[in-house]
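First listed ligand is number 1; within each ligand, the first listed atom is number 1. Keep in mind that this is a model prediction, so the values were computed, not measured.
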Amino acid sequence: MIKQSATLISTTMSMLFISYFSIIIVLCFIQSSECVYNIDDSSGVGRIFDGIGGLSGGGATSRLLVNYAEPERSHILDYMFLPQFGASLHILKVEIGGDAQSTDGTESSHMHSPDDENYQRGYEWWLMKEAKKRNPSIKLYGLPWGFPGWIGNGNGSPYSNITMTVDYILRWMKGAQKYHGLYIDYIGIWNERIYNKGYIKLLKKTLNENGFEKTMLVASDNKWEISTDILQDTELAKAVDIIGIHYPGTKTTDDTLKTGKTIWSSEDYSTFNDEVGGGCWARILNQNYVNGNMTSTISWNLIASYYNALPYTRNGLMTANEPWSGHYDVDTPIWVSAHTTQFTQPGWNYLKHGSGAGHLDKGGSYVTIVNETQLTMIIETMSHDHSICIRPKLPAYNVTKQTATFHLKGTFSSIQSLNVWKSKFKYGGAKSEMFVQMQPVKVVNGEFTVNLDLDEIYTLTTSTAGKKGQYDEPPPSSPFPIIYSDNFDDYDEFSEGSNFADQSGVFEIRQSNDADHGLVMRQVAASYPVIWCQDSNSPVSFIGNSSWKDVSMSVDAFLEKDGTGVMVGARATNGGCKIHKSHGVFFWILSNGTYLLTADIDKLEVYTKGTVGVAKNKWFNIGLIVMERQATGSIDGRDIFTHSLYEDTVNGFLAIGTLTFAPSMFDNFNITATA
Ligand SMILES: *[C@@H]1O[C@H](CO)[C@@H](O)[C@H](O)[C@H]1NC(C)=O
Ligand SMILES: *[C@@H]1O[C@H](CO)[C@@H](O)[C@H](O)[C@H]1NC(C)=O
Ligand SMILES: *[C@@H]1O[C@H](CO)[C@@H](O)[C@H](O)[C@H]1NC(C)=O
Ligand SMILES: *[C@@H]1O[C@H](CO)[C@@H](O)[C@H](O)[C@H]1NC(C)=O
Ligand SMILES: *[C@@H]1O[C@H](CO)[C@@H](O)[C@H](O)[C@H]1NC(C)=O
Ligand SMILES: *[C@@H]1O[C@H](CO)[C@@H](O)[C@H](O)[C@H]1NC(C)=O
Ligand SMILES: *[C@@H]1O[C@H](CO)[C@@H](O)[C@H](O)[C@H]1NC(C)=O
């Protein structure tokens with residue numbers, strides 16, 4: 001059969017011009033061994049497959065999702081978590097909020113201060129429960145980025161008192177269990193920052209003594225360095241269950257292999273979710289095992305639910321960042337994930353390299369994942385330029401059209417037919433064909449052949465599962481409403497105001513103990529955090545449309561303490577880890593009766609200042625109108641200044657903020673913008 005097709009191809013080819021390309025194909029068939037791949041478990045199976053995951057956090061990447069109305073919100077969750085529907089993820093990794101900026105915003109800590117403890121904050125608990133509702137066997141993985149300031153003992157390090165930090169993490173895990181019924185399967189150290197051997201050992205010991213024997217410790221969510229330490233320190237080796245590497249470029253190191261540990265790409269992808277992003281995800285999902293022996297790959301991020309103007313626009317498996325319109329996009333990485341996730345389960349085994357996993361002769365790769373009764377093979381032929389990830393640099397390689405014959409041996413030799421799912425990426429505006437069920441392939445004498453073109457993914461599986469889930473089109477995209485207000489009364493306490501994206505500090509919905517105000521938004525981070533990147537010295541939350549120029553905004557504010565202040569701002573730039581460099585138009589009222597208009601969040605560039613008779617412990621209204629090159633500030637409806645602005649102050653988010661990491665309250669937020 002192979003000879004026949006070789007003759008056929010060579011005849012066809014002779015009718016065409018003989019290119020280098022066609023000669024390669026002919027050669028492949030003449031030396032038929034080159035294009036035949038054994039799928040064989042007779043000498044045992046390879047590593048345990050641990051699953052494909054998504055990461056919510058690091059930071060605030062799911063911020064806008066929770067504010068979607070039904071039914072869209074449930075639809076989005078189904079695309080990510082429902083088995084046999086979409087990405088059908090096996091692992092959900094979340095940030096353990098630390099009141100600190102961690103890339104696209106801050107996430108709230110369960111302990112703002114040593115004597116504070118609360119497990120209703122933020123949206124990660126909600127997200128984990130929604131994931132579990134859909135897939136009770138989804139695995140959960142927690143990891144901190146920053147920490148509240150007190151954890152650092154004033155030294156800015158989580159290792160200045162490791163007992164304190166271990167206790168803080170243990171409380172988060174116990175809180176997950178006690179208040180939400182969530183068992184944390186995997187726990188990390190400190191995202192992409194230094195690890196501390198003493199801390200890792202103490203954490204493991206403490207988990208074992210507190211009913212978390214089954215929780216696996218992942219270290220160090222950075223590069224490979226820890227492998228060398230593990231080889232030299234048997235106690236550390238005992239404490240670390242999984243070596244988690246970030247952006248490994250599908251490679252691993254000899255030392256890492258020598259440890260004998262399970263190896264994960266515990267954060268990967270981080271690529272714009274267009275067709276090239278989908279291609280990146282397809283390539284690394286296979287090749288992280290083929291080249292690097294990694295048995296889980298986790299996408300940063302799970303879902304792009306943050307404003308596009310914040311860093312790493314749309315670096316998620318799908319996009320849902322318009323709760324005001326209900327619009328969302330199911331991007332190609334969702335269907336790329338489905339090729340693996342819908343036909344496998346964590347705990348199955350990869351087949352070994354050379355007998356079920358490897359590179360294809362003409363480029364691309366294949367992996368096989370099996371349990372005792374089922375076999376699933378995933379093939380990808382992503383070309384270089386169509387599968388570039390954000391990092392590291394992808395070395396040059398070629399993929400050409402090819403025919404691959406697979407020989408099923410061992411347990412699998414009796415398979416008669418395989419179900420087939422295919423994706424074909426298209427470029428230049430053509431619509432990719434994602435996750436399409438094809439005719440099954442017949443297996444004859446243990447053999448089957450697949451014709452592979454470039455930029456394709458195939459799943460060949462004994463499983464009859466698999467479904468391309470589909471809901472009606474969501475509402476169309478629309479810009480953030482130009483007339484917008486919120487009195488914060490329609491929320492659960494400890495949640496966050498819709499569409500506010502905290503960039504420094506934490507703003508939560510709280511009871512004001514004032515009948516006129518009811519629920520309000522309050523800055524609650526108690527001190528400058530143990531940073532992951534760099535927070536601004538003044539807590540600030542962004543909202544609106546970063547392309548807005550002319551706006552009128554107002555909010556009621558309440559200063560709770562001396563030495564504090566509140567701010568409203570417009571045209572604010574530089575979210576994420578550059579928040580400390582945010583520029584714009586910021587109007588501050590301080591508790592000592594000073595007002596300031598500044599061009600930066602650090603208050604180094606002061607346009608104007610003066611005094612006003614504002615008392616603390618009383619609500620007042622603060623207003624800011626920014627029109628072309630002029631700003632007008634008001635208090636309780638009374639204008640107190642009009643000032644001209646620098647020419648380069650053009651557009652940006654609206655902001656509210658506080659002078660220091662002290663509590664202040666906000667209510668009746670109101671915007672009118674000129675689109
Ligand atoms: C470290 O933290 C623990 C727990 O919070 C506390 O009991 C202990 O006194 C602290 N140790 C030092 C040296 O500060
Ligand atoms: C690791 O991967 C290489 C291929 O990159 C393979 O040859 C080797 O057998 C694998 N080792 C283990 C222990 O999985
Ligand atoms: C193998 O996987 C299939 C599909 O998930 C499942 O029904 C079956 O019970 C599994 N077999 C074993 C032995 O675990
Ligand atoms: C890819 O193919 C081109 C054209 O045949 C060749 O010039 C180049 O060296 C190849 N690159 C690699 C990495 O093999
Ligand atoms: C901001 O406004 C522009 C112009 O109306 C629009 O194209 C864009 O989608 C809006 N962005 C958001 C996040 O609303
Ligand atoms: C008010 O407080 C600010 C910030 O702490 C300070 O810079 C300013 O001098 C104070 N003004 C008065 C009048 O005390
Ligand atoms: C918002 O401000 C506008 C303009 O000042 C005003 O007309 C409107 O009533 C305010 N809306 C709310 C809900 O306070």
Close approach, Val290 and ligand 2, non-hydrogen under 4.0 angstrom = yes
Contacts table for residues 478-486: side-chain donor-acceptor under 3.5 angstrom, sequence neighbours left out:
{"residue": "Tyr484", "atom": "OH", "partner": "Ser498", "partner atom": "O", "Å": "3.4"}
{"residue": "Tyr484", "atom": "OH", "partner": "Asn499", "partner atom": "ND2", "Å": "2.9"}
{"residue": "Asp486", "atom": "OD1", "partner": "Phe488", "partner atom": "N", "Å": "2.8"}
{"residue": "Asp486", "atom": "OD2", "partner": "Tyr491", "partner atom": "OH", "Å": "2.6"}

Can you spot which of Leu559, Val520, Asp516, Asn668 makes a side chain to side chain contact (heavy atoms under 4.5 Å, CB included) with Trp619?
-> Val520
Any protein N/O atoms within less than 3.5 Å of an N/O atom in ligand 3? List the atom names and distances, or say none.
{"residue": "ligand 3", "atom": "2 (O)", "partner": "Asn371", "partner atom": "ND2", "Å": "2.4"}
{"residue": "ligand 3", "atom": "11 (N)", "partner": "Asn371", "partner atom": "ND2", "Å": "2.7"}
{"residue": "ligand 3", "atom": "14 (O)", "partner": "Asn371", "partner atom": "ND2", "Å": "3.4"}

Please round to the nearest 0.5 Å and tell me the distance separating atom CD1 of Ile379 and atom OG of Ser365.
-> 9.0 Å
Sub-4.0 Å atoms of ligand 2 with respect to non-hydrogen atoms of Asn291 = 5 (O)
Partners of Gln630 by side chain to side chain contact (heavy atoms under 4.5 Å, CB included), sequence neighbours excluded?
-> Thr642
Heavy atoms from other residues, nucleotides or ligands near NZ of Lys238 exceed 12 (cutoff 6.0 Å) | no
With only distance considered, is Arg47 within less than 3.5 Å of ligand 2 through an N or O on each side?
-> yes
For Gln374, which residues count as a side chain to side chain contact (heavy atoms under 4.5 Å, CB included) partner, sequence neighbours excluded?
-> Trp348, Asn371, Thr462, Ser463
Report the part of Lys352 (side chain from C-beta onward, or backbone N, CA, C, O) that has a heavy atom under 4.0 Å from ligand 2; answer both or neither where that applies.
-> neither
Under 3.5 Å side-chain donor-acceptor pair for Thr608 and Tyr595 | no
Enumerate the atoms of ligand 7 whose separation from the nearest heavy atom of Ser485 is less than 4.0 angstrom.
-> 13 (C)
Does a donor on one side chain sit under 3.5 Å from an acceptor on the other, for Ser266 and Asp221?
-> yes
